[in-house]
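These numbers come from the heavy atoms of this one structure, side chains and all, not from hydrogens, waters or symmetry mates.
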Amino acid sequence: MINILLVLNIIVVVLLIGIILLQKSEGGVLGMGGSGSKNGLLTTRSAGNLITKITYILGALFFIICILLAALVSRREKSKSFISTMMEKEKSSVAREVKSTSVKKIPEENVKRELLKEAVKQEAVKKKPVVPTSK
């Protein structure tokens with residue numbers, strides 16, 4: 001949906017630029033001289049009204065599409081940028097390398113034995129009464 005609106009917005013902008021460039025800077029349009037019949041389809045006055053109306057319509061479409069795009073983008077989940085995604089991948093790969101190279105593989109039995117010894121030491125310290133010594 002967003003892509004369709006973006007393409008539509010680009011088309012409207014190009015048309016709006018073309019219509020604005022067709023207008024005469026003095027307030028008249030198309031720079032058509034006074035010659036020609038007054039009943040023609042694109043006389044100076046009717047061409048001015050037609051191009052002015054097209055300009056208003058295209059301008060309104062441009063603003064409406066921009067507001068719709070802003071609303072759709074704000075609703076969309078906030079995705080991470082390409083740079084932050086790449087930085088996270090790099091951090092995780094570095095962390096894996098460090099973890100695999102610096103940590104020794106300790107057998108599970110040794111770990112359990114060390115934990116048991118530590119627990120026994122802590123229990124012994126808790127049960128040992130503290131005797132004040134006097135000098």
Side-chain angles (χ1 to χ4, degrees):
M1 180 69 178
I2 291 176
N3 291 335
I4 294 170
L5 284 175
L6 280 173
V7 170
L8 185 63
N9 202 18
I10 291 170
I11 292 169
V12 168
V13 167
V14 169
L15 289 174
L16 189 60
I17 290 171
I19 291 294
I20 289 173
L21 289 176
L22 286 176
Q23 294 179 2
K24 194 173 181 181
S25 63
E26 301 169 353
V29 291
L30 290 179
M32 297 177 102
S35 64
S37 67
K38 299 288 183 184
N39 297 331
L41 178 64
L42 287 177
T43 61
T44 307
R45 183 170 290 241
S46 66
N49 290 338
L50 177 67
I51 290 182
T52 304
K53 287 178 185 178
I54 292 173
T55 305
Y56 288 143
I57 291 169
L58 289 175
L61 278 174
F62 172 74
F63 284 112
I64 290 169
I65 292 171
C66 286
I67 291 170
L68 285 173
L69 280 170
L72 288 174
V73 169
S74 68
R75 279 189 190 173
R76 196 167 76 174
E77 292 180 23
K78 296 190 179 198
S79 61
K80 296 179 181 177
S81 68
F82 175 75
I83 294 172
S84 63
T85 305
M86 293 306 291
M87 288 178 67
E88 286 179 7
K89 286 181 181 179
E90 184 67 28
K91 285 180 185 178
S92 64
S93 66
V94 168
R96 274 183 276 174
E97 288 178 22
V98 168
K99 191 175 184 180
S100 65
T101 58
S102 65
V103 177
K104 293 181 181 179
K105 301 288 182 180
I106 301 173
E108 191 174 327
E109 295 172 8
N110 290 344
V111 173
K112 288 180 181 177
R113 189 176 302 132
E114 291 297 320
L115 288 174
L116 187 60
K117 284 181 184 178
E118 190 66 34
V120 169
K121 284 181 186 177
Q122 288 178 358
E123 286 296 320
V125 169
K126 287 180 184 176
K127 291 183 180 178
K128 189 181 224 182
V130 176
V131 179
T133 58
S134 60
K135 291 185 181 181

Single-linkage hydrophobic cluster V13~V73, side-chain heavy atoms < 4.5 angstrom: yes
Side chains of I51 and T55: does their closest heavy-atom pair fall under 4.5 Å? yes
Same cluster (ILVMFWY, side-chain, under 4.5 Å), I64 and V14: no
For L72, enumerate each residue passing the side-chain contact (heavy atoms from CB on, under 4.5 Å) test, keeping only those at least two apart in sequence or located in another chain. M1, I2, L5
Heavy-atom closest contact (N9 atom, F62 atom, distance): OD1-CD1, 3.3 Å
Is it true that L15 and I10 fall in one hydrophobic cluster, defined by side-chain heavy atoms closer than 4.5 Å? no
Are L69 and V7 connected in a single hydrophobic cluster, I mean Ile/Leu/Val/Met/Phe/Trp/Tyr linked by side-chain heavy atoms less than 4.5 Å apart? yes
Please report the closest heavy-atom contact between G59 and L16, naming both atoms and the distance. N-CD1, 3.9 Å
Taking only residues two or more places apart in sequence or in another chain, which ones pass side-chain contact (heavy atoms from CB on, under 4.5 Å) with F63? none
Can you hop from L61 to L21 via hydrophobic side chains spaced under 4.5 Å? yes
